[in-house]
There are 2 protein chains.
Amino acid sequence: MANAATSKTGQGRTYGGQSSGERQADRRERLIRAAIATYGEQGYRRTTVADVCRTAGLTPRYFYESFANSEALLIAAYKEVTRIALDTLRAAASALEDAEPEARLEAMLSAYYTLLRERPASARVFVAEMSGISAAVDAAFEIGLSKFAKLLAQTSDPEWCETDEGALRKTGVMHGLLAIARSWIADECKAPIADIVAVALPFCRILIDRDAR
Amino acid sequence: MANAATSKTGQGRTYGGQSSGERQADRRERLIRAAIATYGEQGYRRTTVADVCRTAGLTPRYFYESFANSEALLIAAYKEVTRIALDTLRAAASALEDAEPEARLEAMLSAYYTLLRERPASARVFVAEMSGISAAVDAAFEIGLSKFAKLLAQTSDPEWCETDEGALRKTGVMHGLLAIARSWIADECKAPIADIVAVALPFCRILIDRDAR
DNA sequence: GCCAACTGATAATACCCATTTCCAGATTGG
DNA sequence: CCAATCTGGAAATGGGTATTATCAGTTGGC
């Protein structure tokens, strides 16, 4: 994926005070940031490689230095967005370390929807742009979702354990939560967070319901 | 959308024993059938207008006689698939007219997943191909889903009434059920129908839960 | 200061496909 | 039988964009 910066030495040299690797990493980051902003603005489907490069202040040449193709950047952008969201949820749960599981669950959901509202571009990438692009994107999306499901379940039920039969349920719950978020966002996040959390809660209860396990 | 068969008379004449309108309707149907088969086989994204026409035994000229563009055909194919599925669910519910609501709900779910397994092409169109194409397709998809939600809710709870707040929940439930179906199908429908229904049931209970309304 | 490694910008190159148009032959009504 | 209407097939047109290659100028090691 990453063409080493130069061909002969394989190392390159410093430039603008940065080593070859630093410069390349910097460009990669700029591309990811630009991707989130652009996908969030006009959607992945409508943005070209050239669009992202323009926003990043780079040229297509540098795009292919860091990413094999457009999809690879989408996946990278999604991973970045997911990483931030997971951190936020963990923080919300930690802040209520001694509270009831149900309260912690509510706190996480609340943090999640708040984050979506505060970062519209990231939100769009997260809830709306990862569907129907390709098998690779679908796979990356499912992996990200399952991380969320696991976090939600573990935090709200300390004795929760992963089982195979639970995988289907996890998938269903996460896509349900996503659809709720998508619909809420499509309506410009007009409904209060508390209302959205109330709608989302019963779905999470499915996740941690032991009777049905 | 439908260019009248001829330009001068506006009516056309019989040909091959069929009137102008009959021939056109026939071609339209063939295109829809071919679309379901082809989308089901290789996915909407990878099928070209020419592909569908080839399968239908027609030429692109006739495609544009009945559909404005590729998306319009996808929507028409989806509507056809949805129509059949809704009929099947209604029939399953009717067969248990006097049973408990919960039993009727189970029967509908069972009929639904059975249908998906029996018609893989239609299933793929229904659960996997309608995401991320365009706003028009998204809209058609949501309309179809809400019909299902309404049917499920009404049949399992005779006194069910539609409310605005319920819309979000309905969306979440339906997308949850869809994700379950998608995942099951991706695994070649290996799990027994009864297991899938068991996973799906709690989602439906959210739909008709009055406490949370 | 010199050469090779960098940089940004532009512009080929190449492919894919929707949509339209053309054509030669088949079919009909009168 | 004849002219108009229809048919299937194939090819022309046109737009869009991913991906690569080129180039003139800049920068850094030595």
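Hydrogens, waters and symmetry mates are skipped; everything else that's a heavy atom, side chains included, is used. Chain letters run A, B, ... following the sequence lines, proteins first, then strands; residues in each count from 1.
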- [ ] Applying side-chain contact (heavy atoms from CB on, under 4.5 Å) between Leu105(B) and each of Leu201(B), Asp157(B), Val197(B), Thr155(B), report the one that passes.
- [x] Leu201(B)
TODO: Scan nucleotides 10-23 of chain D nucleotide by nucleotide, 5' to 3', and note B when protein non-hydrogen atoms come under 4.0 Å of the base, S if they reach only the sugar-phosphate, - if neither.
DONE: -------SSBB---
Task: Arg30(A) CZ - dT7(C) C1' separation (whole Å) - done: 11 Å
Open item on the list: Tell me the interatomic distance from Glu22(A), atom CD, to dT7(C), atom C1', rounded to whole angstroms.
Closed with: 17 Å
Open item on the list: I'd like to know whether the aromatic ring centres of Tyr78(A) and Tyr44(A) sit less than 6.0 Å apart in this structure.
Closed with: no
- [ ] May I have all residue pairs that pass side chain to side chain donor-acceptor pair (under 3.5 Å) and include part of residues 116-127 of chain B, sequence neighbours excluded?
- [x] Arg124(B)-Glu129(B)
Task: Nearest-angstrom distance from the residue atom CZ of Phe67(B) to P of dT19(C) - done: 13 Å
Task: Whole-Å gap separating C1' (dA18(C)) and OH (Tyr44(B)) - done: 11 Å
Task: Base dA5(C) paired with Tyr15(A) side chain (donor-acceptor, <3.5 Å) - done: no
Task: Spacing of Tyr62(A) atom OH relative to dT10(C) atom P, expressed in whole Å - done: 14 Å
In residues 137-147 of chain B, what donor-acceptor pairs under 3.5 Å come from side-chain atoms, sequence neighbours left out?
from	atom 1	to	atom 2	distance (Å)
Glu142(B)	OE2	His175(B)	NE2	2.8
Ser146(B)	OG	Ile143(B)	O	2.9

Open item on the list: On DNA chain C, does the nearest nucleotide to Leu58(A) precede the nearest nucleotide to Gly16(B) from the 5' side, or the other way round? Give the residue.
Closed with: Leu58(A)
Open item on the list: Rounded to whole Å, how long is the line connecting atom CZ of Arg23(A) with atom C1' of dT7(C)?
Closed with: 9 Å
TODO: Compare every heavy atom of Val125(B) with every heavy atom of Gly40(B), then report the nearest pair and how far apart it is.
DONE: N-CG2, 4.3 Å
TODO: Kindly say whether Ala191(A) contributes a backbone atom to a donor-acceptor pair with the side chain of Trp184(A) at under 3.5 angstrom?
DONE: yes
Task: Note: Arg54(B)-Asp51(B) ion pair, threshold 4.0 Å (strictly below) - done: yes
Task: Whole angstrom value for the distance that separates P of dT7(C) from CD of Glu65(A) - done: 7 Å
Task: Whole-Å gap separating C1' (dT27(C)) and CD (Gln18(B)) - done: 14 Å
TODO: Ignoring backbone atoms, establish whether Arg13(A) has a side-chain N or O less than 4.0 Å from OP1 or OP2 of dC30(D).
DONE: no
- [ ] Just compare dT28(C), dG29(D), dC6(C) and give me whichever is closest to any side-chain atom of Thr14(A).
- [x] dG29(D)
